[in-house]
Amino acid sequence: MTTTTARPFPTEVPTRVLGTDSALTVSAIGLGCMGMSEFYGASDDNASIATLHRAIDLGVTFLDTADMYGPFTNERLVGAAIADRRDRVQLATKFGNERRADGTRVGINGRPDYVRKACDDSLQRLGVDHIDLYYQHRVDRDVPIEETVGAMKELVEAGKVRHLGLSEASAETVRRAHAVHPMTALQSEYSLFTRDLEDEVRPVLRELGIGLVPYSPLGRGLLTGAVGAGGFASDDSRSSAYFPRSSGDNLSHNLTLVDRVRALAEQHACSPAQLALAWVLAAGADVVPIPGTRRVRYLEENLGALAVELDEQAVRSLEEAVPREAVAGDRYGDMSTIEA
């Protein structure tokens, strides 16, 4: 467990701009809402709504959900929480990971007819007349990206969606998609523990003027320093084989890397989570991480990362402490839906 005192959250959250050809101004740190409804243990809707309201009051206006979270219940939760403050948020949701109401996973779906239906269903669940940023959650390898994005473009033209994005797409797919309609952002996993997109994807995003929205910027909680050798609770999916990095020998090894982050955090007078988020924020003004939490205290701790300024030497020290190749285990037990 971390013993480092966290930096206080700022009185004003700055903004950043995602995209250039289709620009969207959002809070410099967003809020990932997935764990409020599924995957990370028991849910508490009242606590989650309190966290959403606190986030908006503090200036965290970039909220991220998806139809498959719950499934479907997370969009309803977020929609209920913002019903009286819609004009204060930038709302992002996603389609493409098709699930049934009972949770059964159908597969990846990028067919144009499904894109249209998924959008209409999300609008209804969210209780809004438009989505600020609409992502394809995973790339359907059986449907040309041009067809999927063509349908997404129609949603923009109809006024149902303002901006478009992809998630976990390769550099080639991003380039092809952007040729059909300007992409505002790519949402992919990015943290001290996950840096593979630096090789090919990141240069293409910079070339095309597309923002990066890192999910799991805290390594699915490991980089907070709050996870012990016992790992996560049995009802938390991070304790399962679906997330190889946080169980068994991989967990033990990766916690030694977290110890290095903790030591550096002490030097910066901040918490490990704040230092890990500060590293992501230092990647560029076009980068907007969306750490997820359902608790106000963690939300406020995450915002304290905005007060941690890292110079080039500090960034280099972190990257030397946690080399890319040092992290044990794949991101997912099944990487087949992630474009290389």
Side-chain angles (χ1 to χ4, degrees), residues 16-19 24 26-35 60 62 64 66 92 94 133 135-139 165-174 177 183-224 238 243-246 254 257-258 261 272-293 302-303 305-306 308 310 314-316 318-332 335 337-340:
R16 290 187 170 188
V17 179
L18 295 171
L24 174 64
V26 299
S27 53
I29 291 180
L31 177 60
C33 302
M34 180 189 76
V60 178
F62 188 36
D64 183 88
K94 301 178 282 292
L133 178 55
Y135 296 102
Q136 182 184 20
H137 206 162
R138 292 291 186 270
V139 176
L166 301 177
S167 180
E168 293 290 3
S170 68
E172 178 188 359
T173 296
V174 169
M183 293 290 109
T184 293
L186 174 75
Q187 182 180 133
S188 290
E189 187 169 353
Y190 186 59
S191 71
L192 278 168
F193 272 12
T194 301
R195 295 167 51 195
D196 46 293
L197 58 75
E198 292 176 344
D199 297 328
E200 298 180 4
V201 174
R202 192 78 177 102
V204 169
L205 297 183
R206 282 273 165 81
E207 173 194 341
L208 299 177
I210 300 171
L212 175 63
V213 177
Y215 73 84
S216 297
L218 296 175
R220 302 190 185 280
L222 291 179
L223 286 164
T224 64
R238 290 171 291 186
F243 295 113
R245 291 181 172 176
S246 53
N254 292 332
L257 302 178
V258 176
V261 177
Q274 290 175 334
L275 186 61
L277 276 176
W279 177 86
V280 175
L281 289 164
D286 55 350
V287 178
V288 179
I290 50 169
T293 185
N302 290 342
L303 287 178
L306 293 165
V308 182
L310 302 181
V315 169
R316 188 160 50 249
L318 266 170
E319 294 173 356
E320 290 171 353
V322 186
R324 284 178 52 173
E325 66 279 4
V327 181
D330 286 333
R331 296 196 274 139
Y332 297 99
M335 292 285 290
T337 66
I338 306 297
E339 278 205 330

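All values below were derived from every heavy atom in this structure, side-chain atoms included, with hydrogens, water molecules and symmetry-related copies excluded. As the structure is a prediction and not an experimental result, all values here were calculated from the model.
- Counted by atom type alone, Ser188 and Arg202 present zero donor-acceptor pairs between their side chains at under 3.5 Å.
- Using a 4.5 Å heavy-atom threshold, the side chains of Val327 and Leu257 count as touching.
- Residues Tyr135 and Glu168 have side chains that never bring a donor and an acceptor to within less than 3.5 angstrom of each other.
- Atom OG1 in Thr293 sits 6.5 Å away from atom CG in Asn302 (nearest 0.5 Å).
- Remark: Glu319 engages Arg195 in a salt bridge (Lys or Arg N to Asp or Glu O under 4.0 Å) (not counting sequence neighbours).
- Between Val258 and Thr224 the shortest side-chain heavy-atom distance does not fall below 4.5 Å.
- Between the side chain of Arg245 and the main chain of Leu222, no donor-acceptor pair closer than 3.5 Å is present.
- Put simply, the side chain of Ser191 does not reach to within 4.5 Å of the side chain of Leu218, judged on heavy atoms.
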Exercise for the section: Given salt bridge (Lys or Arg N to Asp or Glu O under 4.0 Å), test Arg138 with Glu339 step by step and report yes or no. Expected result: CA-CA 8 Å; Arg138 292 291 186 270; Glu339 278 205 330; over 6 Å; no
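- Rounding to the nearest 0.5 Å gives a distance of 12.5 Å between CZ of Arg16 and CZ of Phe62.
- With rounding to the nearest 0.5 angstrom, the NE2 atom of His137 is 5.0 Å from the OG atom of Ser167.
- With hydrogens and angles ignored, the 3.5 Å screen pairs no side-chain donor or acceptor of Asp286 with any backbone N or O of Leu18.
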Practice task
Evaluate side chain to side chain contact (heavy atoms under 4.5 Å, CB included) for Leu310 paired with Leu275, printing each intermediate quantity in order.
Solution key: CA-CA 9 Å; Leu310 302 181; Leu275 186 61; 3.8 Å; yes
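- Two residues are said to be in side-chain contact when any heavy atoms from C-beta on lie closer than 4.5 Å; Ile29 and Val288 fail this criterion.
- Here the side chains of Ser170 and Val201 are not in contact, with every heavy-atom distance at 4.5 Å or above.
- Minimum interatomic distance between Pro244 and Asp330 (heavy atoms only, all atoms of both residues): CD-O, 3.5 Å.
- Annotation: side chain of Leu212 is in contact with side chain of Leu197 (closest heavy-atom distance under 4.5 Å).
- In this structure, the side chains of Ile290 and Gln187 come closer than 4.5 Å at one or more pairs of heavy atoms.
- Interatomic distance, CG of Leu133 versus NZ of Lys94, reported as 9.0 Å (0.5 Å rounding).
- Side-chain contact between Leu281 and Val287: absent, with no pair of heavy atoms (C-beta onward) separated by less than 4.5 Å.
- Salt bridge status for Asp199 with Arg324: present, with a side-chain N to carboxylate O gap under 4.0 Å.
- Once rounded to the nearest 0.5 Å, the distance linking CG of Leu223 with CG of Asn254 reads 9.0 Å.
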Practice task
Take Arg220 and Thr194 through the side-chain hydrogen bond (donor to acceptor under 3.5 Å, both in side chains) test and state the conclusion after the steps.
Solution key: CA-CA 11 Å; Arg220 302 190 185 280; Thr194 301; over 6 Å; no
